[in-house]
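First up is the structure itself, then whatever we jot down about it.
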Amino acid sequence: MLTAGISLVMQPALRLVTFAVLALALRAATAQVAPPQTAPAERGDPYAPRGGATEARYPLPGPAVAPGPGSYAAPPPAYGPAPQPPASTNLPPPSASSPPAAAGEFFEPTKIMATVGDQYIFYGDVAPLVNMILEPYRAKMSPAEFAQFEAKNRSAANRQVVAQLMEAKLLYLEFDRTIVKNTKGDQKKLGEIRTDMQKRMLESFEKELAEMRPKVNAAKPDEMQELIRRDSIIPRVALLMRDNQVESLGELDTLLRRYGSSLDKQVRAYGEDRLGRQMISKALAKKHEVTYLEMADYYRLHAEDFALAAKAKYEILTVKFVNFPDKGAAYNTIAQMGNEVYFGAPFAAIARKHSQEPNAAKGGAYDWTTQGSLASEIIDRAIFTLEPGKLSQIIEDATGYHIVRVTERQEAGSVSFVEAQPKIKEALLREKRQADYQKYIERVRTGTPLWSIYDDEEAAALARQQAAGGGQR
């Protein structure tokens with residue numbers, strides 16, 4: 001007989017909606033991690049001529065400086081010519097246009113969104129989950145931006161959550177059928193088992209939530225996404241508690257009701273999810289083997305997954321146009337800073353004293369930075385073409401003038417097959433388990449009537465497409 005105990009084995013059966021639409025590309029050079037305070041190669045700049053220099057590395061407007069013996073004229077770098085000292089200019093303000101917001105998708109709470117066997121899924125079950133998914137983005141946006149974001153994403157979120165809830169119901173019904181079968185229709189025994197399960201579910205919910213909260217509190221964004229990917233219920237509730245500074249279950253229940261849910265609903269959803277997973281664990285207990293040939297083929301077909309981008313450490317001096325009356329004044333300042341370094345002043349000291357970029361207080365030095373990750377394309381190109389240890393020419397981009405020096409660089413490459421094997425083996429095992437899971441789901445679906453509101457939409461769209469095709473003929 002199936003016991004009423006609960007297996008908390010975690011399998012990646014359910015997938016949470018994630019919104020890649022967020023502007024993750026906003027990470028710019030200001031987000032890079034600063035290196036330790038120790039500045040590399042402060043003196044002995046390779047541009048400095050032997051025996052002393054009398055000509056400035058970065059010429060300034062005005063009377064020409066007589067070149068001395070051994071003066072150096074730098075060739076144009078691969079990333080573009082050095083800008084000429086301008087007289088003055090006014091930078092045009094940036095302009096952008098936002099696309100109009102798409103219509104959202106809202107229903108009455110009692111609207112039936114799907115049926116799984118004799119079980120109903122109402123919009124009142126779907127909306128709270130979608131609200132909790134969208135809520136973290138509210139604090140990062142203005143009301144108008146969030147309204148536009150919600151209008152564009154709620155419909156897709158509704159569809160995905162409906163699919164999630166249908167799958168959870170499907171797995172739970174299979175579990176319930178097994179209990180009924182094992183009790184041979186004994187209603188008294190069946191009732192006792194279900195009552196005991198409800199009690200155990202609440203205890204398990206509280207325990208898992210208590211264990212998850214410290215993990216969520218310490219999680220970085222990518223770690224948080226991984227937690228939610230593995231489990232769509234407990235990490236989401238823990239995140240809700242963290243963001244709203246909620247401690248007790250009573251406070252949690254009050255908070256959940258603001259989203260149209262409740263603690264009881266979350267515990268029930270949690271219970272159905274875990275009991276459904278218990279059935280999966282038993283059904284997918286088969287152990288898989290991964291052969292050497294399978295790993296070699298995977299490595300060849302997924303070569304891009306094992307590519308290593310070029311990366312570099314660098315230091316930078318910057319002046320911003322917004323801090324000067326014209327470009328000429330900005331150019332004079334960056335040229336003077338560069339000449340000080342050229343004639344022997346420590347790069348870090350000049351950066352701390354005069355530079356106008358975010359890491360100036362730490363000597364303008366940046367730790368490992370991957371190619372293509374900087375907001376300024378021309379600076380990125382310079383860092384990955386300039387010879388390490390040499391000062392760049394004055395670089396101009398949309399925000400100001402810059403001088404960079406690469407302190408260390410590693411060229412692009414790839415992870416070797418030997419190093420990649422553990423990762424490849426895990427990926428192949430995951431694929432095999434996922435294939436088993438899909439077979440199991442298809443088998444369970446065959447004996448359970450399924451319907452969702454989106455089936456009608458797809459059928460209507462197909463009918464329109466067929467009608468349009470018939471009209472063309």
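Within the cation-pi definition used here (under 6.0 Å to the ring centroid, within 45° of the axis), K313 does not qualify as a partner of Y366.
The residues K152 and E150 are annotated as not salt-bridged, no charged nitrogen and carboxylate oxygen being separated by less than 4.0 angstrom. The existence of a salt bridge linking E294 and K432 is confirmed by a sub-4.0 Å separation between a basic side-chain nitrogen and an acidic carboxylate oxygen. With salt bridges taken as basic N to acidic carboxylate O contacts below 4.0 Å, none links E223 and K215. Salt-bridge annotation for K327 and E396: present, with a side-chain N of the basic residue lying under 4.0 Å from a carboxylate O of the acidic one. With respect to D231 and R274, a salt bridge is recorded, a charged nitrogen being found less than 4.0 Å from a carboxylate O. Between K425 and E289, none of the side-chain N atoms (NZ, or NE/NH1/NH2) sits under 4.0 Å from a carboxylate O, so this pair counts as no salt bridge. A salt bridge is defined here as a Lys NZ or Arg NE, NH1 or NH2 lying under 4.0 Å from an Asp or Glu carboxylate O, and E442 with R445 meets this definition. Look at E426 and R433 and you find a salt bridge, because one of the NZ, NE, NH1 or NH2 atoms lies within 4.0 Å of a carboxylate O, short of that distance.
Ring-centre distance between F146 and Y137: not below the 6.0 Å cut-off. Aromatic ring centroids of Y292 and F417 lie under 6.0 Å apart.
Considering all non-hydrogen atoms of both residues, S414 and Y299 come closest at OG-OH, 4.3 Å. In this structure, A312 and R409 approach most closely via the heavy-atom pair CB-CG, 3.8 Å. In terms of heavy-atom proximity, L256 sits nearest to Q266 at CD1-CG, 3.6 Å. Considering every non-hydrogen atom in both A351 and A360, the closest pair reads O-CB, 3.5 Å.
In this structure, the side chain of T370 does not engage the main chain of S373 through any donor-acceptor pair within 3.5 Å. When atom types are taken as modelled, the side chain of S355 and the backbone of K353 share no donor-acceptor pair closer than 3.5 angstrom.
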Decide yes or no on side-chain hydrogen bond (donor to acceptor under 3.5 Å, both in side chains) for Y270 and E208, but give the supporting numbers first. CA-CA 10 Å; Y270 164 85; E208 276 200 50; 2.7 Å; yes

What verdict does the side-chain contact (heavy atoms from CB on, under 4.5 Å) test give for M212 and L227, after you've listed the backbone C-alpha separation in whole Å, the side-chain angles of each residue and the deciding distance to 0.1 Å? CA-CA 9 Å; M212 181 60 65; L227 288 172; 4.2 Å; yes

Chi angles and distances behind the side-chain contact (heavy atoms from CB on, under 4.5 Å) call for M166, L450: CA-CA 8 Å; M166 288 181 72; L450 300 172; 4.1 Å; yes

Between E174 and L171, does a side-chain contact (heavy atoms from CB on, under 4.5 Å) hold up when you go through it step by step? CA-CA 5 Å; E174 183 67 7; L171 295 172; 5.6 Å; no

Carefully, step by step, assess Y437 and Q434 under the rule side-chain contact (heavy atoms from CB on, under 4.5 Å). CA-CA 5 Å; Y437 170 73; Q434 184 64 22; 3.9 Å; yes

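R154 and N131 share a side-chain donor-acceptor pair at under 3.5 Å. Checked by atom type, the side-chain pair Q356/N323 shows a donor-acceptor distance below 3.5 Å. One side chain, E419 or S416, offers a donor N or O that lies under 3.5 Å from an acceptor on the other. The closest side-chain donor-acceptor pair between T407 and E315, if any, does not fall under 3.5 angstrom.
Considering CG of L429 and NZ of K287, their distance stands at 11.5 Å, rounded to 0.5 Å. With rounding to the nearest 0.5 angstrom, the CG atom of L170 is 8.0 Å from the OH atom of Y440. Note that the CG atom of L391 and the CZ atom of R405 stand 5.0 Å from one another [nearest 0.5 Å]. Y401 contributes atom OH, which lies 10.5 Å from atom CZ of F324 (distance to the nearest 0.5 angstrom). The CG atom of D436 sits 10.5 Å away from the CD atom of Q438 when rounded to the nearest 0.5 Å. For the atom pair CG (N332) and CE (M337), the distance works out to 12.5 Å, reported to the nearest 0.5 Å.
For E377, the CD atom counts as loosely surrounded, since its 6.0 Å shell holds 12 or fewer non-hydrogen atoms of other residues, nucleotides or ligands.
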